[in-house]
Protein chains: 2
Amino acid sequence: MSPKIEKKDKILDAAEALFAYHGYDGVTMRKIASEAGVDLALAGYHFGKKMDVFEAVFQRRAGELNRTRLEALQKVQAEAGKSGPTIEKIIEAFLLPLEIAQESPDPGWKNYLALIAYVNNSAVWGEKLMSSTFDALVLEFLAAIKKAMPDADEEKIYWCYHNLSGALTLTLAQTGRIDRLSNNKCHSSDFQTAYGIMIPFVAAGFKEACKG
Amino acid sequence: MSPKIEKKDKILDAAEALFAYHGYDGVTMRKIASEAGVDLALAGYHFGKKMDVFEAVFQRRAGELNRTRLEALQKVQAEAGKSGPTIEKIIEAFLLPLEIAQESPDPGWKNYLALIAYVNNSAVWGEKLMSSTFDALVLEFLAAIKKAMPDADEEKIYWCYHNLSGALTLTLAQTGRIDRLSNNKCHSSDFQTAYGIMIPFVAAGFKEACKG
DNA sequence: GTCTATACCGTGATAGAC
DNA sequence: GTCTATCACGGTATAGAC
């Protein structure tokens, strides 16, 4: 019983890493195959066209991610009881499953979340993949936020979520820019610090910007 | 004297729009030339290789953008006098020049800022272009923020800027996701609302997250 | 059913002739 | 400035090995 990884999974792993870093058009089927150590035609055999490989990569971890985040939301809701959780707790439930994934021993998660950053910032891909895969979950979180801020204007809540989504996305993208900007005092790879600051930052932003 | 636009500029305009939407690898020299209505070889004649076209597009408006934003910062500093401007005013000076550019009659600005979103979210391009072109200006703003929050931890200020940068980037990217998420109550193209909410959101975030 | 070798044919960047 | 040739690369299909 060897710890054999299916070639099919190796293809997805390689494609995940490459797409995350180079984007769809910056990757070739040949690079994916060679990185995965398999024959060029095998990706086509398993998945079909290049676009199908991309979608297979995108969908592979989406279900688990949605489930984990929903559970985190339900947990803080159960703990809070009838009055419902605070904004801080809701934001935390939204973000911490990502931190856990990024720090998991499977490095594929880090690549996957960087891929999400790529998709979320792209007008081309956003519609096709991002909204259909994640918006149902996001609406659950927004419903919780509305309950925690009953006087807030709905439109403002969407825009505040947009700000959260952007801050998160840049974190997922792992660009290294903060390293250079801060003269190496901060590091893109330091997720713990990133989320530790993002949570109070975003919670305060929601509270202030949704006033009135 | 016709209002003749140089072919050279037409090439940059076409490349700007295409790169912003499709990314570097999603664009071909042929598409740029055909969109610009010029011969394929002309782009090479003027700019050299494809990569050089990309950099020419990126640099074309960078100087003006940096100048406008610096002037906006200096203006609020002059108005505030010795005590220095508030966080809100500094963030406003950082963002409003972008809103003005996006709403300018030259549609190229909107494309250019979407291109910046593409570059800023990419680990590949970030280092090569983003930091070298814009970090000097960003450090001016961060110095002003440090002065407005003398007790804040420096590292936290960088991370707060990271959050601002992400929220801004997603706005520049014009993905249309907020339209779908909000069931068309909000629109990616509604910059006025976007910045109107982003400014108090981010200012409150800085104040809260930099405490202690 | 899984995988490999290879061929096809279009497309693309670039250089050099004009 | 423009036209065209070159030559590499890329997506995909197919034939057949294990």
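Naming convention: chains lettered A, B, ... in sequence-line order (proteins, then strands); numbering from 1 in each chain. Being a predicted model, the structure only gives us computed values, none of them experimental.
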Whole angstrom value for the distance that separates [atom2] of [N] from [atom1] of [X]:
X: K49(B); N: dG16(C); atom1: NZ; atom2: C1'; result: 13 Å
X: K8(B); N: dT2(D); atom1: NZ; atom2: P; result: 14 Å
X: M29(A); N: dT6(C); atom1: CE; atom2: P; result: 19 Å
X: D52(A); N: dG11(D); atom1: CG; atom2: P; result: 13 Å
X: K7(A); N: dG1(C); atom1: NZ; atom2: P; result: 18 Å
X: H22(B); N: dG12(C); atom1: NE2; atom2: P; result: 13 Å
X: R30(A); N: dT6(C); atom1: CZ; atom2: C1'; result: 10 Å
X: Y24(A); N: dG10(D); atom1: OH; atom2: P; result: 13 Å

field: Lys/Arg-Asp/Glu bridge criterion (N-O < 4.0 Å) met for K110(B), E103(B)
entry: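 Answer for the salt bridge query: no.
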
Neighbour count >12 (heavy atoms, 6.0 Å) for atom NZ, K156(A): yes

- request: For the residue pair F134(B) and F58(B), categorise the inter-ring angle as parallel (less than 30°), tilted (30 to 60°) or perpendicular (more than 60°).
  value: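 The arrangement is perpendicular - the two ring planes meet at more than 60°.
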
- request: Indicate, with a heavy-atom threshold strictly under 4.0 Å, whether V53(B) touches base, sugar-phosphate, or nothing.
  value: nothing

- request: Could you tell me whether V38(B) contacts a base, only the sugar-phosphate backbone, or nothing, with contacts defined as non-hydrogen atoms closer than 4.0 Å?
  value: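 It contacts nothing in the nucleic acid.
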
message: So, applying side-chain contact (heavy atoms from CB on, under 4.5 Å) with F19(B), which one of N111(B), I32(B), V119(B) is it?
response: I32(B)

- prompt: More 5' along DNA chain C: V27(B) or D39(A), using each one's nearest nucleotide?
  reply: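 Nearest nucleotide further toward 5': that of D39(A).
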
query: Starting at the 5' end of DNA chain C and moving along, which residue's nearest nucleotide shows up first, H46(A) or L40(A)?
result: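 Final value for this comparison: H46(A).
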
task: With side-chain contact (heavy atoms from CB on, under 4.5 Å) as the test, would you mind laying out the steps for I11(B) and E35(B) before giving the verdict?
output: CA-CA 8 Å; I11(B) 293 168; E35(B) 201 70 24; over 6 Å; no

Proximal nucleotide (of [options]) relative to the [X] side chain:
X: A41(B); options: dG11(D), dT14(D), dT2(D); result: dT2(D)
X: Y45(A); options: dG1(C), dA13(C), dT4(C); result: dG1(C)
X: L42(A); options: dA7(C), dT2(D), dT4(C); result: dT4(C)

